[in-house]
Structures are given as structure tokens and as C-alpha cells.
Amino acid sequence: MRAHGLYSSFQFVLRLSPAVHRALSETPSGIHSTQTIGFDGAQAFSTLLHETIHWWQHVGSTYGLMLSLSYPSQAHANYGHLKKLIKEAGFKKSIRQLTERTPGPTGPGTLSGLANTIVNNHFDLGAFRGLTLDLSTAHNTINSPLFESVGHSHAISYANNLLVLASSVDQQFINLQNPKNWEAAFEELRRAKELGFYYGSPVELWPLGAREIFEGQACFCQLQYLSFASGGQLGWDEFRELGMLHGIYEKAFQLFLLQSALPWPPTIDHPVVALFLLICDIAINPGAGFPFPITHFSSFITDTDPGTRFSMLSSIVKLKHPNAATMIKDYSRSEYKTVSHLLTSELLVESPLSIASLCTDWIRQGGTFSDLVRKTESFDFDEGNIPVQVLFSHFLAFMRDKLNSPEFFCWPGAWMAGERVSSKAAILFERHQALFVDKEDDDGIFPRLHPDKDEERVQDTFNAFYAATITYDLTNQWISQPGPFSFGYDWLSQSASLEEMKNFGSDNFTNAYGVHPDDVEIIS
């Protein structure tokens with residue numbers, strides 16, 4: 001499927017192959033069956049659906065939001081430290097090398113101490129991504145000499161993400177959780193040598209991470225769409241022959257079947273597949289720390305790690321609720337509510353609907369949160385922290401619509417083809433398409449334009465979003481990568497020259513830190 005489409009989590013862009021672009025351009029707008037648009041048209045639309053689900057995963061789930069915010073948080077958490085380091089030691093790269101080659105004490109108030117703080121902060125926020133994405137990134141993370149503990153990485157990441165969010169939308173922590181209130185509880189877990197929360201603690205890795213859940217969820221939604229669109233003529237064998245069901249795309253489903261002790265279902269529209277998709281949805285929507293308080297600090301790791309949650313939810317089907325395998329037949333809101341509550345109550349965690357309800361309450365209160373959601377329509381975002389505002393505003397808008405129609409976002413393939421097709425589904429899909437896309441004849445990135453939105457404001461938001469994104473990347477290079485800065489941003493614009501892209505990145509970096517990348521002293 002990567003040959004037909006791709007969603008990049010750092011670039012926040014949805015890409016489609018030229019063939020898919022052409023097929024979609026020849027397809028009438030709206031939702032159709034294979035009888036009206038043919039198999040090629042339906043397959044092209046299914047690719048768009050698959051990649052759009054990846055956008056939903058990153059801005060429409062609590063884990064995805066924490067993952068997406070970890071990039072800006074890495075820069076914001078160290079901003080004051082980086083400015084101070086420039087003043088005290090000059091502009092040097094990389095800071096990681098600086099920590100290794102600066103003699104003398106490393107305590108508070110020292111140059112080495114400051115550099116170490118920057119490197120450790122940067123690593124801890126990246127460690128959360130590494131620990132939760134898949135086994136290979138998790139192993140790399142825990143084998144680093146900078147790694148402290150799983151609990152530390154989760155707590156630091158959530159804390160900094162919340163601080164970044166609060167600085168933009170809730171400075172008094174009226175709705176968001178204040179991470180400073182967690183410090184004593186996490187310190188007590190470290191002192192008591194609670195597994196996972198102290199330096200040197202053994203690390204327990206689960207058999208899959210968020211990456212496999214993301215791909216499994218997107219793949220099986222895509223397969224369901226094609227199955228319903230074809231009137232049930234396409235089944236498991238056909239999809240395997242088409243090369244759509246293998247490796248990472250079915251790994252999560254295979255583990256789900258193993259841990260739930262369920263056989264491979266005979267059809268793609270079987271209730272077992274619906275249950276799998278619901279468990280994917282629950283797994284990537286933890287509530288502890290965001291948006292709800294942490295009530296059980298000792299279970300914070302398992303409460304927030306998608307792979308852990310997925311495995312535990314699958315096992316609950318076997319141990320407590322095998323009847324859940326037959327409960328989802330109509331892909332309805334009531335089925336979603338009943339089964340999700342059944343499973344989450346066993347884990348003593350919040351259901352996705354309770355999360356969506358709380359976030360929707362924030363919007364209904366008026367004020368900053370309500371204004372932010374309105375800006376998804378106007379694109380009139382305030383200056384500063386544009387990526388944070390854009391991502392969080394779309395998360396809130398997603399939660400609002402998910403509260404009303406969780407069944408659509410959990411089982412979109414079932415609601416966008418066959419007998420359930422409706423104008424409501426078409427409206428929801430259009431409303432929550434990816435913001436940034438490529439084009440058939442250009443490998444650059446473009447804002448997805450809307451006839452009801454001011455084109456200039458959309459373009460201004462696009463420019464500000466990627467100016468900040470490139471600054472995050474250059475900050476990452478400055479801290480962690482040896483050698484000169486790299487300006488390989490041709491993915492952003494094929495029409496711009498390398499010199500133009502370098503100037504674009506350098507100017508924004510200079511605006512942020514007061515130094516130009518060309519003036520850096522490279523540590524050899």
C-alpha cells in the first residue's frame with residue numbers, strides 16, 4: 001500500500017501516487033460503489049481512505065496527539081536552555097558532542113550541566129516515540145546510555161506536551177491537567193523502586209507497538225470499504241492476491257486473534273473484524289494524564305502505551321467477554337458504546353466516548369477552546385505555536401464529531417460503501433480530510449484548499465506551520481547530529497531551489513534563536 005499512498009508523521013502530509021491521483025480526478029465527488037466508479041476508482045478511493053485514517057490517528061486520537069506534539073515539545077522544552085547555551089558557550093554543534101567533550105563539573109549552574117539538560121530533555125521526548133512505536137525503535141531507545149526508565153519517558157513527554165498546549169490555549173490549567181501536580185507521585189514511585197519508574201529498572205516490551213496498530217487499523221478499514229463497495233465480491237483471498245494483506249498490515253490482527261483465542265473470520269464484514277477495529281480505536285485513545293487526571297500513577301505506563309493496551313484488551317475478550325466477538329453486527333453507535341464500555345471498564349480506564357465527551361464539554365464552555373475549533377473553519381490562527389494550535393484545534397473538532405458519530409470513525413469502510421452510505425458520512429469524511437497533501441504532477445506539499453475558506457489565510461497558515469516544522473528539525477540536528485546542518489527539504493517544494501529552501505529554513509531558525517546556521521561552530 002505504500003506504493004499507492006503514504007502519510008508522514010513528521011511532515012504531516014498525505015501523499016498519493018500519480019496513478020491514484022489520476023483515478024480520483026476521474027471519479028465524481030461523493031461516495032460510490034464499484035458499480036458506478038469501477039474497481040480502479042474504488043481502489044483509488046480506498047487508498048485515500050487508508051491514508052486519511054493515518055491523519056485521523058495522528059490528530060484524532062489522544063496517543064496520536066501526544067505523538068504529534070512531541071516534535072514541537074522537543075524544541076519548546078529546550079528553548080530557554082538553548083538561548084542560554086548560545087550566550088554562555090557560543091553557537092556550537094552538536095550539543096551532544098559538547099556534553100562529551102566539555103570537562104569539569106556537570107551540576108546545576110555549570111556549562112556541562114546546561115548542555116546535559118538539553119540533551120537529556122531532547123532524548124526523553126524522543127524516547128516516548130521510540131518506546132511506543134514498535135519493537136525496533138523501543139530496543140534502540142532502551143539501549144541508549146541516555147535512557148532512564150519507561151515511566152520517566154512517558155511522564156516527561158506528557159508533561160512537556162501539556163505545558164506546550166497550556167501555553168497556547170489554557171495558561172491557567174483550567175481544563176488541562178497541570179503536570180506539576182504529578183511530580184511528587186512519580187518521585188515516590190522512583191524512590192520505592194516501582195517497576196518501570198526508576199533508573200535501571202527492567203523493561204517489559206509488548207509484542208507490537210503503535211505502528212502496527214496504525215497500519216492494521218487503516219488496512220482493515222480499507223479492506224472493509226472495498227468489500228462493501230463490491231457487494232461482498234472481494235474477500236480475503238482476493239486481497240492477498242492484490243498484495244494488500246501481508247506483513248505489518250496484518251500483524252496486529254493476527255496478534256488480536258491469538259490473544260483473544262478467536263479463529264480467523266470467514267468474511268471481512270464479520271463481527272470479529274469489527275471488534276478488532278474497535279480495540280484498535282480504544283488502544284490509541286488513552287485518557288490518563290490527558291484529558292483526564294492520572295488516578296493510578298503506578299499503572300501510567302500500561303495506561304498510556306498503545307501496544308500494551310491493545311494486548312490487554314485482546315486478552316480481556318478471551319478471559320472476560322468472549323461474547324464481544326459476536327456483538328457488533330450493525331456497526332452502530334449503540335454497539336460502539338456498549339462494547340467499548342465493556343472492555344474499558346475491565347481495565348479501569350476511560351472509554352473513547354468519555355474522552356470525546358470531556359473534550360466536547362471544553363468546547364461548549366466557550367472561551368479559548370471554542371475559539372480554537374472555530375479557527376479550523378476560518379484558519380485565522382494567532383501568531384506563535386502555529387503547529388500546536390493547528391493540531392489541537394483539529395483534535396478538538398474531531399472529538400466533537402466523534403462523540404456524535406463514533407461508529408463512522410471506527411468503521412468508516414462500513415459507512416462509506418454499501419447500504420449504509422449517507423450524506424452524513426460524506427460530510428464527515430470531507431470535514432476531516434488531511435490538511436496538507438501532494439499533487440499528481442508535483443512532489444511538493446500543498447494546503448488542501450476549500451471553496452468556503454479564504455485561500456490567503458490557508459496559505460499563510462501552511463507557510464507558518466512548515467516554517468516552524470523546519471525549525472524543529474534544525475533544532476533536532478543542532479542538539480543530536482554531528483556535522484553541518486542539512487537542508488534537505490525538497491519534500492516541501494520541488495519548485496524551489498536548494499538555496500531557496502536553505503534560506504527559508506535559515507531565516508526561520510535565525511528568527512527563533514538569533515543565530516544563523518552558517519555561523520555555527522562544528523565540533524569535530
Side-chain angles (χ1 to χ4, degrees), residues 5-16 51-52 54-55 57-59 64-65 67-76 78-79 82 125-126 129 161 164-165 167-168 372 375-376 378-395 433-450 453-479 481 485-513 516-517:
L6 175 69
Y7 179 81
S8 170
S9 60
F10 175 71
Q11 299 171 8
F12 300 99
V13 60
L14 187 154
R15 298 185 184 276
L16 301 172
E51 304 307 336
T52 300
H54 285 320
W55 165 251
Q57 290 162 344
H58 283 78
V59 300
L65 182 67
L67 182 70
S68 297
L69 289 177
S70 68
Y71 297 106
S73 289
Q74 277 185 305
H76 287 286
N78 271 325
Y79 181 75
L82 290 167
L125 285 158
R129 294 196 300 268
N161 286 343
V164 166
L165 276 179
S167 69
S168 296
L372 197 60
K375 288 173 183 176
T376 63
S378 68
F379 273 74
D380 188 20
F381 291 95
D382 298 334
E383 291 186 7
N385 287 2
I386 289 292
V388 174
Q389 293 182 67
V390 169
L391 293 171
F392 191 49
S393 67
H394 282 79
F395 170 82
Q433 286 197 44
L435 288 180
F436 310 122
V437 297
D438 66 354
K439 293 182 178 179
E440 176 185 348
D441 56 353
D442 196 319
D443 289 334
I445 297 175
F446 305 88
R448 192 170 66 87
L449 299 179
H450 308 258
K453 293 178 174 59
D454 183 272
E455 186 173 336
E456 185 176 352
R457 283 183 177 175
V458 172
Q459 187 65 47
D460 287 345
T461 298
F462 171 86
N463 292 340
F465 187 98
Y466 280 105
T469 299
I470 287 177
T471 301
Y472 301 151
D473 181 65
L474 292 172
T475 304
N476 171 62
Q477 293 185 44
W478 178 17
I479 295 172
Q481 297 177 15
F485 285 100
S486 170
F487 294 89
Y489 302 120
D490 53 347
W491 52 266
L492 182 57
S493 175
Q494 289 293 303
S495 60
S497 67
L498 177 61
E499 188 66 22
E500 288 173 322
M501 294 311 301
K502 178 181 178 181
N503 289 338
F504 178 69
S506 296
D507 288 347
N508 286 289
F509 185 90
T510 302
N511 288 337
Y513 295 108
H516 193 283

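All figures in this text were calculated on a predicted structure; none of them were measured in a lab.
With sequence neighbours left out, A512 forms a side-chain contact (heavy atoms from CB on, under 4.5 Å) with T471. Every residue was checked against the side-chain hydrogen bond (donor to acceptor under 3.5 Å, both in side chains) condition with Q481, not counting sequence neighbours, and none meets it. Remark: F504 engages no residue in a ring-ring contact (aromatic ring centres under 6.0 Å, His included) (not counting sequence neighbours). Contacts of N463 classified as side-chain hydrogen bond (donor to acceptor under 3.5 Å, both in side chains), with partners at least two apart in sequence or in another chain: Q459. V388 pairs by the side-chain contact (heavy atoms from CB on, under 4.5 Å) definition with L69, P72, V164, L165, S168, N385, not counting sequence neighbours. Legend: residues meeting side-chain contact (heavy atoms from CB on, under 4.5 Å) with E383, ordered by chain and number and at least two apart, are absent. Applying the salt bridge (charged side-chain N to carboxylate O under 4.0 Å, His left out) test to D382 and every residue at least two apart in sequence or in another chain returns K375. With sequence neighbours left out, N508 forms a side-chain hydrogen bond (donor to acceptor under 3.5 Å, both in side chains) with no residue at all. Evaluation of the ring-ring contact (aromatic ring centres under 6.0 Å, His included) rule for F487 yields no partner, not counting sequence neighbours. With sequence neighbours left out, the side-chain hydrogen bond (donor to acceptor under 3.5 Å, both in side chains) criterion links S73 to N161. For F381, there are no ring-ring contact (aromatic ring centres under 6.0 Å, His included) partners, not counting sequence neighbours. Shown here are the side-chain contact (heavy atoms from CB on, under 4.5 Å) partners of A464, two or more places apart in sequence or in another chain: I386.
How far CG of L498 is from CG of N503: 9.5 Å, rounded to the nearest 0.5 Å. With values rounded to the nearest 0.5 angstrom, L492 atom CG is found 5.0 Å from I470 atom CD1. The distance from the OH atom of Y472 to the NE2 atom of H76 is 3.5 Å, given to the nearest 0.5 Å. S70 OG to L65 CG: the interatomic distance, rounded to the nearest 0.5 Å, is 10.0 Å. K502 contributes atom NZ, which lies 10.5 Å from atom CZ of F485 (distance to the nearest 0.5 angstrom). Atom CD of Q74 and atom OG1 of T475 lie 9.5 Å apart (nearest 0.5 Å).
Counting only distance, with no hydrogens or angles, the side chain of Q477 and the backbone of S486 share a donor-acceptor pair below 3.5 Å. S68 places a side-chain N or O within donor-acceptor distance of the main-chain N or O of H58, the cut-off being under 3.5 Å.
In this structure, H394 and W55 have perpendicular ring planes: the angle between them is above 60°, well past the 30° mark. Using cut-offs of 30° and 60° on the angle between ring planes, the pair F436 and Y466 is perpendicular.
The two residues Q389 and G384 come nearest to each other via the heavy atoms NE2-O, 2.6 Å.
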**Message:** Would T469 and D473 count as a side-chain contact (heavy atoms from CB on, under 4.5 Å) here? Give the steps.
**Reply:** CA-CA 6 Å; T469 299; D473 181 65; over 6 Å; no
